[in-house]
Amino acid sequence: MTTSILIADDQEDIRSGFRLILDSQPDMTVVGEAADGESAVALARELRPDVVLTDIRMPRLDGLEVTRLLSPQSRVVVVTTFDLDEYVHTALRAGACGFLLKRSGPALLIEGVRAAMAGDTLISPQITVRLLSRLSGPEVKASTTAAQVLTGRELEIVRLVARGHTNAEIGAELFISAGTAKTHIANVQAKLGARNRVGIAAWAWEHGVVGPE
């Protein structure tokens, strides 16, 4: 099935760039664009896209209000330049299915759409690391439960996920393929009962598997 997407951003070059990235995927198609929040809400209600990508700072209505008005009927992913904690918390409370930074790159944008379609929530790794680092205890107190639940390789994977590394970066660090890294992450999710990478990272910080550098 093809995922239909609406892009809301007041910058035409951003909308064009996102359209180019998403339309290149065989299972995704951009069905509409909006340059302001009111148009985004109206188009979303008319076109009923599977996923709405919205910036935060837009004319007429901002992206946080767009999220509040469209959720939970629509899957909304916030894609913005601004990574303020207040914006992250407000967007997620309003029902956003993801919070991505524009500088995160095409791969994460595509992954964010797929996560939203899967009922998941994806947050840019840079934000995840900052938010979750506040949960950390001393790294020397790494839980014995962690060693009992995960293999040594899986613990290495978890530490890198908690630091915000992508599959490709994990593969390069551990001299394995990105596909193998992805398989390890799926196994870790199953063992920990984590819904996504954010859940893995939260578990790592909470259990002292990783701490401040």
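Note that the structure is predicted; figures quoted are calculated from it, not measured.
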Next item on the list: Applying side-chain hydrogen bond (donor to acceptor under 3.5 Å, both in side chains), name anything that partners Asp55, two or more places apart in sequence or on another chain.
Entry: Thr80, Lys102

Check: Rounded to the nearest 0.5 Å, how far apart are CD of Gln189 and CH2 of Trp203?
Finding: 13.0 Å

Item checked: Test side-chain hydrogen bond (donor to acceptor under 3.5 Å, both in side chains) applied to Gln73 - qualifying residues, sequence neighbours left out -> none

Notebook entry, point to check: Got a second to check how far Arg153's CZ is from Thr151's OG1, nearest 0.5 Å?
Noted result: 8.5 Å

Item checked: Set of side chain to side chain contact (heavy atoms under 4.5 Å, CB included) partners for Arg114, sequence neighbours left out -> Gln25, Asp27, Met28, Ile110

Enumerate, atom names and distances included, each donor-acceptor pair closer than 3.5 Å involving a side-chain atom of residues 170-182, sequence neighbours excluded.
unit_1: Ser177; atom_1: OG; unit_2: Thr180; atom_2: N; d: 3.0
unit_1: Ser177; atom_1: OG; unit_2: Thr180; atom_2: OG1; d: 2.9

Item checked: Residues in salt bridge (charged side-chain N to carboxylate O under 4.0 Å, His left out) contact with Glu169, at least two apart in sequence or another chain -> none

Checklist line | Side-chain hydrophobic cluster, 4.5 Å single linkage: members besides Val76 | finding: Leu6, Val31, Val41, Leu43, Leu47, Val52, Met58, Leu61, Val66, Leu69, Leu70

Next item on the list: Kindly determine whether Leu100 and Val78 satisfy side-chain contact (heavy atoms from CB on, under 4.5 Å), including the steps that lead there.
Entry: CA-CA 6 Å; Leu100 307 177; Val78 174; over 6 Å; no

Notebook entry, point to check: Are there more than 12 heavy atoms of other residues, nucleotides or ligands under 6.0 Å from atom CZ of Arg48?
Noted result: no

Item checked: Remaining members of the apolar cluster that contains Met1, side-chain heavy atoms under 4.5 Å -> none

Margin query: To check you understand the geometry: which heavy-atom pair defines the closest contact between Leu108 and Ser124, and what is its length?
Written below: CD2-OG, 3.7 Å

Next item on the list: Output the distance between atom CD1 (Ile127) and atom CZ (Phe99), rounded to the nearest 0.5 Å.
Entry: 5.0 Å

Next item on the list: Kindly indicate whether the side chain of Leu92, heavy atoms from C-beta on, has any atom under 4.5 Å from the side chain of Ile123.
Entry: yes

Note to self: I need the minimum non-hydrogen distance between Ser71 and Ala96, along with the two atoms involved.
What the structure shows: OG-N, 4.4 Å

Margin query: Through direct or indirect side-chain contacts below 4.5 angstrom among Ile, Leu, Val, Met, Phe, Trp and Tyr, which residues connect to Leu20?
Written below: none

Check: Is a side-chain N or O of Arg75 found less than 3.5 angstrom from the main chain of Ala116, in a donor-acceptor match?
Finding: yes

Next item on the list: For Arg60, enumerate each residue passing the salt bridge (charged side-chain N to carboxylate O under 4.0 Å, His left out) test, keeping only those at least two apart in sequence or located in another chain.
Entry: Asp36, Glu38

Check: Is Arg159 salt-bridged to Glu156, going by a charged N under 4.0 Å from an acidic O?
Finding: no

Item checked: Residues forming a side-chain hydrogen bond (donor to acceptor under 3.5 Å, both in side chains) with Ser4, sequence neighbours excluded -> Asp50

Check: Between Thr90 (side chain) and Glu86 (backbone), is there a donor-acceptor pair under 3.5 Å?
Finding: yes

Checklist line | Working for side-chain contact (heavy atoms from CB on, under 4.5 Å), residues Ile5 and Thr29 | finding: CA-CA 6 Å; Ile5 303 163; Thr29 183; over 6 Å; no

Checklist line | Partner set under side-chain hydrogen bond (donor to acceptor under 3.5 Å, both in side chains) for Lys191, not counting sequence neighbours | finding: Glu154

Next item on the list: Calculate, to the nearest 0.5 Å, the distance between atoms CG and CG belonging to Leu53 and Leu22 respectively.
Entry: 6.0 Å

Check: Looking at CG of Asp9 and CZ of Arg57, how far apart are the two atoms once the value is rounded to the nearest 0.5 Å?
Finding: 13.0 Å

Item checked: Where Thr67 and Ala91 come nearest, the two heavy atoms and their spacing -> CG2-O, 4.0 Å

Check: Hey, are the side chains of Leu192 and Val149 touching, using non-hydrogen atoms and a 4.5 Å cut-off?
Finding: yes

Checklist line | Audit row: Ile185, Val161, side-chain contact (heavy atoms from CB on, under 4.5 Å) steps and yes/no | finding: CA-CA 9 Å; Ile185 290 170; Val161 169; 4.0 Å; yes

Check: Got a sec, which residues hit side chain to side chain contact (heavy atoms under 4.5 Å, CB included) with Arg19, two or more places apart in sequence or on another chain?
Finding: Ile7, Asp23, Val30, Glu33

Next item on the list: Test Val79 against every option in Thr54, Ile14, Leu109 by the side-chain contact (heavy atoms from CB on, under 4.5 Å) rule and name the one that passes.
Entry: Leu109

